[in-house]
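Just so you know, these numbers come straight off a predicted model, no measurement behind them.
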Amino acid sequence: MPVSALKSEGWNLEQPDVLALMEKLRAVGTPLGEYVQGRFYRGVLTGLNEAFVIDEATRQRLIAEDPKSAELIKPWLRGRDIRKWKAEWAGLYLIYIPWHFEKIDQYPAIKQHLAQFKAKLEKRGATEQGRYEWYELQRYASEYYQEFEKPKIMWRHFTTVPEFIYDEGQHYSNDKSYILPTADLSLLGLLNAKVTNYFLKQLSPPVRGGFIEMRIIYLEQLPVPSMLEPQKSAITQRVQTILAAPDAPGVPALEKEIDELVYQLYGLTPVEIALVEGKR
């Protein structure tokens, strides 16, 4: 190991060619956290999913009992529902009730539904401390909940391979997932590229079962290379084609084309590409 690789913030005992590639990637781009101005957000924590997460039949019943119930019911994704390019939605919804919600009596069907879980809801620690009412979510994304209803990139916390989706369906998500409010499809292409997979796996230590944790502290370090408009457009066009039919047989070929475009952005050599693709 060269002494220069043993940095004061921590030692990375990795092969020299891996260290050199990581340094090259970092030098090429702007860290993602800076690129998006820190706009990463985690999903909602209910504190009791059986009370706040409902299926389609329950949603229809609550709306039939009181049409205003629809105002508080949001489509819901779990971390496990997020795959590469698309979500495998389980048909679930979230009853979204923030803290200090003083209008609960205006939604009688919702209140009655939650009341059957009142004993359990009252046992949540912060409820007992008086921080929020028994019928409110444990953590409701107070400063950014509006971002769930905008176009966004989403990913899950635990994964074996980093996988990102683009969501225009106003889905809220659980605390095992994250969102990045943006409609930039070229960024989605970059995030789903092999280089990103390689970079993040070098940062995130593996946990049980071969999973890695896609924490914000790792994502914010990902270097985003500068893109001229033709380069950005080339990636965006391919991503749009994939999103239109994510299960189509031509997707792997389009992914390979995106990888090649991203390799060019980082200026990778054939030897470095082989390292990224595990061929060395």
Side-chain angles (χ1 to χ4, degrees), residues 1-40 84-85 153-157 159-166 178 180 182 184-207 210-236 238-239 242 252 254-280:
M1 293 295 299
V3 173
S4 60
L6 306 179
K7 301 182 183 299
S8 59
E9 60 267 25
W11 292 6
N12 186 355
L13 302 181
E14 188 52 88
Q15 295 290 341
D17 54 353
V18 173
L19 292 176
L21 177 54
M22 290 292 286
E23 289 299 318
K24 178 175 180 175
L25 293 173
R26 289 182 187 276
V28 168
T30 302
L32 182 58
E34 181 180 336
Y35 185 82
V36 301
Q37 300 179 328
R39 296 175 69 238
F40 298 101
K84 191 175 184 180
W85 304 115
I153 291 173
M154 305 176 73
W155 69 96
R156 63 182 183 271
H157 182 84
T159 186
T160 54
V161 178
E163 296 177 321
F164 298 81
I165 66 169
Y166 179 63
Y178 303 87
L180 171 55
T182 181
D184 185 352
L185 295 184
S186 66
L187 183 58
L188 177 65
L190 175 69
L191 290 171
N192 272 329
K194 286 182 179 178
V195 168
T196 298
N197 181 5
Y198 179 84
F199 186 89
L200 293 176
K201 281 192 170 183
Q202 299 304 314
L203 294 183
S204 177
V207 295
F211 285 87
I212 61 172
E213 296 183 87
M214 297 281 284
R215 296 179 182 273
I216 290 173
I217 58 172
Y218 305 135
L219 262 293
E220 64 186 6
Q221 297 181 50
L222 177 71
V224 179
S226 298
M227 288 185 254
L228 298 176
E229 193 54 43
Q231 296 169 314
K232 194 170 187 176
S233 177
I235 295 175
T236 298
R238 287 163 175 78
V239 170
I242 292 173
L254 289 168
E255 290 177 330
K256 183 173 177 58
E257 292 177 12
I258 291 172
D259 286 332
E260 293 296 333
L261 291 168
V262 174
Y263 291 149
Q264 293 173 24
L265 291 174
Y266 286 108
L268 298 193
T269 66
V271 172
E272 290 167 335
I273 291 172
L275 186 59
V276 167
E277 296 187 350
K279 297 176 181 178
R280 286 194 63 222

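Scored by the side-chain hydrogen bond (donor to acceptor under 3.5 Å, both in side chains) test, Trp155 finds no partners at all (sequence neighbours excluded).
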With a 3.5 Å cut-off and sequence neighbours excluded, list the donor-acceptor pairs that the side chains of residues 185-197 form with protein atoms.
| from | atom 1 | to | atom 2 | distance (Å) |
| --- | --- | --- | --- | --- |
| Ser186 | OG | Asp184 | OD1 | 2.5 |
| Asn192 | OD1 | Phe164 | N | 3.0 |
| Asn192 | ND2 | Phe164 | O | 3.0 |
| Thr196 | OG1 | Leu190 | O | 2.6 |

Without placing hydrogens or testing angles, list every side-chain donor-acceptor pair under 3.5 Å for residues 260-269, not counting sequence neighbours.
| from | atom 1 | to | atom 2 | distance (Å) |
| --- | --- | --- | --- | --- |
| Tyr263 | OH | Glu277 | OE2 | 2.8 |
| Tyr266 | OH | Pro223 | O | 2.5 |
| Thr269 | OG1 | Glu272 | N | 3.2 |
| Thr269 | OG1 | Glu272 | OE1 | 3.3 |

Intermediate values then yes/no, side-chain contact (heavy atoms from CB on, under 4.5 Å), Arg156 and Tyr178: CA-CA 6 Å; Arg156 63 182 183 271; Tyr178 303 87; over 6 Å; no
Do Leu32 and Glu220 pass the side-chain contact (heavy atoms from CB on, under 4.5 Å) test, and can you show the C-alpha distance, the side-chain angles, and the key distance before you say yes or no? CA-CA 5 Å; Leu32 182 58; Glu220 64 186 6; 5.6 Å; no
side-chain contact (heavy atoms from CB on, under 4.5 Å) between Ile242 and Glu255, worked out: CA-CA 8 Å; Ile242 292 173; Glu255 290 177 330; 4.1 Å; yes
Does the side-chain contact (heavy atoms from CB on, under 4.5 Å) test come out yes or no for Ile235 and Met227, once each step is laid out? CA-CA 10 Å; Ile235 295 175; Met227 288 185 254; 4.1 Å; yes
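Pairing each heavy atom of Ile212 with each of Pro206, the nearest pair is CG2-CA, 4.3 Å. Nearest heavy atom pair, residue Glu213 against residue Tyr218, reads O-CD1, 3.2 Å. For the pair Tyr35 and Thr30, the tightest heavy-atom approach, listed with the atom from each and the gap, is N-CG2, 4.1 Å. Between Gln221 and Ile217 the shortest heavy-atom distance is NE2-O, 2.9 Å.
Glu163 and Trp85 form no side-chain donor-acceptor contact under 3.5 Å, judged by distance and modelled atom types alone.
Using a 4.5 Å cut-off on side-chain heavy atoms (C-beta onward), Val239 and Ile258 make contact.
Here Thr160 contributes atom OG1 and Phe211 contributes atom CZ; the two are 6.0 Å apart, rounded to the nearest 0.5 Å. The structure places CE of Met214 at 10.0 Å from NE2 of His157, a figure rounded to the nearest 0.5 Å. How far CG of Leu228 is from CD of Gln231: 4.5 Å, rounded to the nearest 0.5 Å.
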